[in-house]
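Computed over heavy atoms, backbone and side chain alike; hydrogens, waters and symmetry mates excluded. First the proteins, then the strands, lettered A, B, ... as listed; each starts at 1.
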Number of protein chains: 2
Amino acid sequence: MAAELKKYKTKLRDHGLKITEKRMTMIELFLKEDRYLSAKEVQEQLHKIYPSLSYDTIYRNLYTLKEIEVLENTNFEGEMQFKISCSDHHHHHFICEECGDTKVIHYCPVETWQSELQDVEITNHKVEIYGLCAACK
Amino acid sequence: MAAELKKYKTKLRDHGLKITEKRMTMIELFLKEDRYLSAKEVQEQLHKIYPSLSYDTIYRNLYTLKEIEVLENTNFEGEMQFKISCSDHHHHHFICEECGDTKVIHYCPVETWQSELQDVEITNHKVEIYGLCAACK
DNA sequence: TTATTATAAAGGAATCATTACGATTTGTAA
DNA sequence: TTACAAATCGTAATGATTCCTTTATAATAA
């Protein structure tokens, strides 16, 4: 995992951000879990290592890491969830409502939508697909 | 608008719900605005008529009306927004980020997604398309 | 390596959306 | 018109997120 972490360190440095222990621990957590985590889950996990970690730090870093595209986020039932950003190409996710496992979905019909609404300019979109994964079904 | 309202009264009655003044006023507001409104906006509008209207009533009715498909909702920037449900067939929305105007989008590739992920069972999905409408562009 | 400086984190209070709940009122059916 | 269940009120509680001031720490230059 060391090489993997190096990549993230470079990314932080390239954005003029400091490489702090808490940021790196957060990234490691997201790499290990590889699923959507809420701020609260992050707090619970990191509290074991840093008993005094504040929510301010968690939220600030979650959004900082999102800005530099280390994380991606989605609002699920009024709670913002974050996961490690999995690849560079455009994609969406299937999310298992039972276990929270996610799968990448490649097909995205944004061009079809744009051609259906010729007079508007689509700048972004949100697609999320929910259901039961093979294991939970 | 009277005939329009009658339709909603029937819908409420058919679901065994009471036709209350506040519910009807809420429906009228959504019909008049025809766009996504937050609970707070609903409160502000209805407060003029019912100075003591409680949030409990607003939220309960918003979700009640959603249950019987009078309203549809979406979470936008951590706040739940509601709009009058515009038709009976499955569709999604384009939402103008400038003026909040919405347009119906008919194309939905849920079958394509299901065939891309054959081993999972898709139970529901969320699609929202953002951008600038013709007027705001 | 040390000193400097700017960014990050701590600790805790504040805010915002949403929900909960006992007491009271209102719509509906008999 | 009455009785009862459903809806509303008034207000408190909750949960997620943000703000603020002080303190600590990482990066950088000497």
* From B/Lys126 NZ over to B/Asn75 CG, what is the distance, rounded to the nearest 0.5 angstrom? -> 6.5 Å

* Asked: Counting only non-hydrogen atoms, which of residues 58-65 of chain B are less than 4.0 Å from DNA chain D?
  -> B/Arg60, B/Asn61

* Asked: Within a radius of less than 6.0 Å around NZ of A/Lys66, do more than 12 heavy atoms belonging to other residues, nucleotides or ligands occur?
  -> no

* Take atom NZ of A/Lys22 and atom P of D/dA24, then tell me their distance rounded to the nearest Å. => 12 Å

* To do: For the pair B/Lys137 and A/Glu121, find out whether any cationic side-chain nitrogen is under 4.0 Å from an anionic carboxylate oxygen.
  => no

* Salt-bridged, A/Arg35 to A/Glu41, with N to O below 4.0 Å? -> yes

* Quick one: B/Asn75 CG to C/dA17 P, roughly how many Å, whole number? -> 12 Å

* Choose from C/dT18, D/dC9, C/dG12 the nucleotide whose nearest atom is closest to any side-chain atom of A/Asp56. => C/dG12

* Asked: Starting at CD of A/Glu77 and ending at C1' of C/dA17, how long is that distance when rounded to a whole Å?
  -> 15 Å

* The single option from A/His89, A/His91, A/His93 passing ring-ring contact (aromatic ring centres under 6.0 Å, His included) against A/His106 -> A/His89

* To do: Report the distance from atom OG of A/Ser115 to atom CD1 of A/Ile122, rounding to the nearest 0.5 Å.
  => 8.5 Å

* **A/Gln114 side-chain N/O to A/Leu117 backbone N/O, donor-acceptor pair under 3.5 Å** => yes

* With distance as the sole test, does B/Trp113 use its side chain to make a donor-acceptor pair with the main-chain N or O of A/Ile129 at under 3.5 Å? -> no

* Asked: Of the candidate nucleotides D/dT8, D/dT17, C/dA9, which contains the atom at the shortest distance from the side chain of B/Thr57?
  -> D/dT8

* Asked: Which residue, B/Asn61, B/Thr64, B/Thr57, forms the side-chain hydrogen bond (donor to acceptor under 3.5 Å, both in side chains) with B/Arg23?
  -> B/Asn61

* Are A/Lys22 and A/Tyr50 in a cation-pi contact, defined as NZ or CZ under 6.0 Å from the six-membered ring centre and within 45° of the axis? -> yes

* Asked: What are the residues of residues 40-54 of chain A, sorted by number, that bring a heavy atom to within less than 4.0 Å of DNA chain C?
  -> A/Ser52, A/Leu53, A/Ser54

* Asked: Does any residue of residues 66-73 of chain B have a heavy atom under 4.0 Å from DNA chain D, and if so, which ones, in number order?
  -> none

* C/dA17 C1' sits how many Å from B/Phe76 CZ, rounded? -> 16 Å

* **Any donor-acceptor N/O pair, A/Glu97 side chain to B/Asn124 backbone, under 3.5 Å** => no

* Asked: For the helix from C/dT1-D/dA30 to C/dA30-D/dT1, how many degrees between its two end axes (five pairs per end), to the nearest 10°?
  -> 40°

* Structure fact -> Applied to residues 114-137 of chain A, the ring pair (Phe, Tyr, Trp, His ring centres under 6.0 Å) test, sequence neighbours excluded, yields A/Phe76-A/Tyr130, A/His90-A/His125, A/His92-A/His125

* Take atom CE of B/Met80 and atom C1' of C/dT18, then tell me their distance rounded to the nearest Å. => 10 Å

* Asked: Measuring from B/Leu53:CG to B/His47:NE2, what's the distance to the nearest 0.5 Å?
  -> 9.5 Å

* To do: Any chance you could lay out the side-chain hydrogen bond (donor to acceptor under 3.5 Å, both in side chains) test for A/Ser85 and A/Glu69, step after step, and finish with the verdict?
  => CA-CA 7 Å; A/Ser85 189; A/Glu69 293 176 313; over 6 Å; no

* Of residues 11-21 of chain A, the positions that come close to DNA chain C - non-hydrogen atoms, cut-off under 4.0 Å -> A/Leu17, A/Lys18, A/Thr20

* Show the numbers, then the answer: is there a ring pair (Phe, Tyr, Trp, His ring centres under 6.0 Å) between A/Phe82 and A/Tyr59? => CA-CA 11 Å; A/Phe82 295 80; A/Tyr59 278 103; 7.9 Å; no

* Take atom CD of B/Glu44 as the centre, draw a 6.0 Å sphere, and report whether it contains more than 12 heavy atoms from other residues, nucleotides or ligands. => yes

